[in-house]
Amino acid sequence: MDAQLDEKALESTLAESLDDLTPDTKTVSEDEFAEVVGGALEAVGGTLLFKMRVENGTEGEHVAAACIGDAGNRQFLLLTLPTSGGALKVETAARSANPVAGIAAAYAGLMDAFKTAA
């Protein structure tokens with residue numbers, strides 16, 4: 001099966017589950033973002049790795065990294081939402097141009113190492 005098709009299907013499935021979860025407010029708080037991301041990940045059995053707020057000039061966005069699956073079957077996701085509101089964007093880290101996407105796999109590897117060491 002083509003990995004790129006799998007990524008598109010995953011992104012599409014998540015996007016469909018997010019329609020009812022996106023906040024209607026003008027400014028999105030970290031708590032609202034966490035609620036939206038939590039609902040999205042629950043719908044697909046994903047695990048939150050980390051979330052942060054990133055300022056890009058005058059525009060800010062909430063960013064979360066997550067994973068689905070485990071060990072060799074793990075896929076990394078990036079979920080972004082402008083702080084000014086709008087639609088939650090979900091993409092696989094492999095297809096994302098966002099610089100935070102590259103951190104997801106490294107962070108997961110670090111957490112794996114900590115679990116092994118503990």
Side-chain angles (χ1 to χ4, degrees):
M1 187 175 272
D2 185 1
Q4 205 166 35
L5 288 176
D6 288 345
E7 290 174 357
K8 287 182 181 180
L10 179 60
E11 290 172 1
S12 178
T13 300
L14 277 166
E16 289 172 12
S17 70
L18 296 172
D19 287 340
D20 297 331
L21 297 170
T22 302
D24 294 329
T25 58
K26 295 275 186 203
T27 302
V28 180
S29 71
E30 287 192 41
D31 288 342
E32 289 171 318
F33 179 64
E35 184 178 329
V36 171
V37 167
L41 294 177
E42 185 178 317
V44 295
T47 302
L48 178 68
L49 297 172
F50 62 86
K51 63 181 177 61
M52 65 177 71
R53 181 176 170 158
V54 178
E55 297 298 327
N56 189 6
T58 58
E59 295 182 21
E61 70 179 352
H62 296 286
V63 181
C67 66
I68 294 177
D70 54 7
N73 295 326
R74 191 161 39 185
Q75 281 192 302
F76 298 100
L77 303 172
L78 198 68
L79 302 93
T80 56
L81 181 65
T83 56
S84 59
L88 181 71
K89 181 179 179 182
V90 179
E91 56 192 342
T92 58
R95 292 168 36 104
S96 177
N98 190 311
V100 177
I103 300 171
Y107 183 87
L110 182 61
M111 292 300 102
D112 291 344
F114 282 151
K115 284 179 188 174
T116 301

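In this structure, N73 CG and I68 CD1 are separated by 12.0 Å, a value rounded to the nearest 0.5 Å. Atoms CG and CD1, on L110 and I103 in that order, are 12.0 Å from each other to the nearest 0.5 Å.
In this structure, T92 and L77 have side chains that are in contact, with non-hydrogen atoms separated by less than 4.5 Å.
For M52, the side chain to side chain contact (heavy atoms under 4.5 Å, CB included) test picks out F50, V54, V63, V100, with sequence neighbours left out. A search for side-chain hydrogen bond (donor to acceptor under 3.5 Å, both in side chains) contacts involving S96 returns E91, not counting sequence neighbours. Checked against side chain to side chain contact (heavy atoms under 4.5 Å, CB included), A64 has the following partners two or more places apart in sequence or in another chain: F33, V37, L48, K51, L79. With sequence neighbours excluded, no residue forms a salt bridge (charged side-chain N to carboxylate O under 4.0 Å, His left out) with E59. Residues forming a salt bridge (charged side-chain N to carboxylate O under 4.0 Å, His left out) with E61 (at least two apart in sequence, or on another chain): none.
Each side-chain hydrogen bond (donor to acceptor under 3.5 Å, both in side chains) pair with one or both residues in residues 39-50, not counting sequence neighbours, would appear here, but there are none.
Heavy-atom minimum distance, V28 versus P82: CG2-O, 3.8 Å. The heavy-atom pair separating L49 from A104 by the smallest distance is CD1-O, 3.7 Å. The shortest heavy-atom contact between T27 and E32 is O-OE1, 3.5 Å.
Cluster annotation: V36 and L41 are assigned to the same hydrophobic cluster (Ile/Leu/Val/Met/Phe/Trp/Tyr, side-chain heavy-atom contacts under 4.5 Å, transitive).
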